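Beneath this line is the structure, given in structure tokens, with notes to follow.
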Amino acid sequence: MDENVKTFMEKVIEKNPGEKEFHQAVQEVSESIMPFIEKNPKYKKAKILERLVEPERAVTFRVAWVDDKGEIQVNRGYRIEFSSAIGPYKGGLRFHPSVNLSILKFLGFEQIFKNSLTGLPMGGGKGGSDFNPRGKSDMEIMRFCQSFMMELFRHIGPNTDVPAGDIGVGGREIGYLFGMYKKLRNEFTGVLTGKGINWGGSLIRPEATGFGGVYFASEMLKLKNDSFKGKTVALSGFGNVAWGSAIKINELGGKVVTLSGPDGCIYDKDGIKAEKIEYMLEMRASNNDRVEDYAKKFGVPFYAGKRPWDVKCDIAMPCATQNELDLNDAKTLIKNGCILVAEVSNMGCTIDAAKLLTEKIMYAPGKAVNAGGVAVSGLEMSQNSMRLNWTIEEVDKQLHQIMKNIHDASVRYGRVSKDKVDYIKGANIAGFVKVADAMLDQGIV
Ligand code: GLU
């Protein structure tokens, strides 16, 4: 590791003890940014990176609610308002038992660069709770969301902080959260994105992360005069992100052969298409958090406790959660002839896996590949401000263009040689410059 990065990381670790996911995200960014800052002393002098790793504000709060048996439950809620340099804080809410300060700080930190890459005026934030939606009834989900919003409402607003969905938070949860916000504030505003289509949501928002990821990967392939046509693709996850990716991959002539859940993975050699993609929505809605049901329904093999990375594929797209693809998985994928890994989940690959994939094949990080979700959230905010709804074609066209722009900006800053691009470096620097310049303009705050 570079000496400057090492010294910087020692301070970050000392100040944020035990937050290993946050350390990982900061290390990945500083390894790309440090050499760039050395060449641009204005950023160094203004201590931009030192300021960026400190959230502007982080709130944690008690979420007490009553379950169906009449028992009182207590969870912890969070909102990390990381950076408002280029717009209101913007980023999702994650409801998952693994949620803690480290995970939300890593996600909020990544969100700063991701949102900047979209070219839209959005700062970075993230929030959520250690609430586990698995097995909860609809009424329990509603009561939890209402209690969560009873505190969150005082920290957010359409010009302050605009949350959205993430793992465990989809259209239903956004509905319950919005209903409570509206009741408390007596205002109908675009305070959340991912809203229902009849009450301020944007068309294509549910599909946006997956569609955007496939658009991005298509641009990577295009650099090699290649495309998704005829490619076998391994996906992980089975939620909203994997669903959107599967639809678009099928449309472009690729074949999706795997999905995974906390219980294991499935292998469908005939391809996950048509009604099988529809079934993914049913699995998500069931709140069971398992993919074995797919194997039972369609008679395909299920591998308990396994991830899908030892399947032979041309392209791998992690769509589940952080650190779901490690160095050994990367080696197996390369050995099996995989040519491209596009991370649609946030920080889906460990640092060593991402480095190896960049060196040997093509790899792009989540903050670039999955920016389509928050990009369409940004378009939802624009439509809300104008009190207008755009058509599917209009939103999809803008999403496609944004993903192409992110790809081109990553290539501009990440080009290593004629046929090699370091997308980690490219995305980090491209995302950083806009935020850093805004911070220089706005003084020491
Ligand atoms: N949770 C998504 C992400 O990781 C979307 C955030 C949003 O739409 O604000 O980018």
Side-chain angles (χ1 to χ4, degrees), residues 21 25 78-84 86-96 99 103-129 152 156-158 160-171 173-174 177-178 190-196 200-213 216 237 239-245 318-322 324 342-348 364-384 395 398-399 402-403 406 427 431:
E21 292 84 3
Y78 302 82
R79 187 70 184 164
I80 318 293
E81 298 183 331
F82 230 112
S83 166
S84 62
I86 61 166
Y89 309 107
K90 179 84 194 91
L93 297 170
R94 178 175 289 191
F95 292 169
H96 192 268
V99 161
I103 289 185
L104 293 182
K105 279 173 70 180
F106 116 64
L107 289 164
F109 185 68
E110 291 271 297
Q111 201 82 39
I112 306 173
F113 303 91
K114 184 196 305 193
N115 294 2
S116 164
L117 282 168
T118 66
L120 300 171
M122 300 183 288
K126 200 86 185 190
S129 174
L152 187 69
I156 62 175
T160 311
D161 184 353
V162 184
D166 195 81
I167 295 172
V169 178
E173 291 75 15
I174 294 293
L177 291 163
F178 184 81
V191 65
L192 291 156
T193 59
K195 297 186 290 300
S202 175
L203 288 162
I204 301 284
R205 178 62 190 88
E207 294 85 352
T209 312
F211 278 22
F216 192 97
N240 169 265
V241 176
W243 168 77
S245 304
C319 294
T321 192
Q322 65 274 359
E324 52 169 321
E343 194 180 85
V344 205
S345 47
N346 288 309
M347 207 167 76
K367 64 170 79 71
V369 179
N370 74 30
V374 75
V376 174
S377 276
L379 301 179
E380 183 172 327
M381 288 165 74
S382 307
Q383 294 170 76
N384 291 166
V395 180
Q398 292 206 44
L399 169 64
I402 289 170
M403 296 316 296
I406 298 176

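Small disclaimer: the values here were computed from a predicted structure and weren't measured. Positions are given from 1, in the same order as the sequence printed here. One-based numbering, in listed order, for ligands and for the atoms of each.
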Does the side chain of Ser345 come under 3.5 Å of the side chain of Gln322 through a donor N or O and an acceptor N or O?
-> no

Sorted by chain and residue number, the salt bridge (Lys or Arg N to Asp or Glu O under 4.0 Å) partners of Arg94 (sequence neighbours excluded) come out as Asp166

Contacts satisfying salt bridge (Lys or Arg N to Asp or Glu O under 4.0 Å) that involve residues 368-380 (not counting sequence neighbours) are Lys195-Glu380

Counting heavy atoms under 4.0 Å, the part of Arg205 that contacts ligand 1 is side chain

With heavy atoms and a 4.0 Å threshold, my read on which part of Lys126 contacts ligand 1 is side chain

Handout entry: Donor on one side chain, acceptor on other, Arg205 and Thr193, under 3.5 Å
Key = no

Of Glu110, Arg94, Lys114, the residue with the heavy atom nearest atom 10 (O) of ligand 1 is Lys114

Gln111 heavy atoms within 4.0 Å reach ligand 1 at atoms 3 (C), 4 (O), 6 (C), 10 (O)

Atom 6 (C) of ligand 1 has as its nearest protein heavy atom Gly92 N, 3.6 Å

In this structure, atom 8 (O) of ligand 1 is nearest to the protein heavy atom Ser377 OG, 2.5 Å

Check: Between Asp166 and ligand 1, is there a nitrogen or oxygen pair with a distance under 3.5 Å?
Finding: yes

Of all protein heavy atoms, the one nearest atom 9 (O) of ligand 1 is Lys90 NZ, 2.7 Å

*Does Met122 have a heavy atom less than 4.0 Å from any atom of ligand 1?*
no

Only one of His96, Lys126, Glu21, Met347 passes side-chain contact (heavy atoms from CB on, under 4.5 Å) with Ile103, and that residue is Glu21

So for Leu107 against ligand 1, with non-hydrogen atoms under 4.0 Å, the contacting part is neither

A student comparing Gly165, Ala164, Gly124 should find that the heavy atom closest to atom 2 (C) of ligand 1 comes from Gly165

- prompt: Are Arg79 and Asp161 ion-paired here, with the side-chain N under 4.0 Å from a carboxylate O?
  reply: yes

Here the gap from Leu107 atom CG to Phe82 atom CZ, rounded to the nearest 0.5 Å, amounts to 10.5 Å

>> Quick one: does any side-chain atom of Lys90 pair with a main-chain N or O of Met122 as donor and acceptor, under 3.5 Å?
In response: no

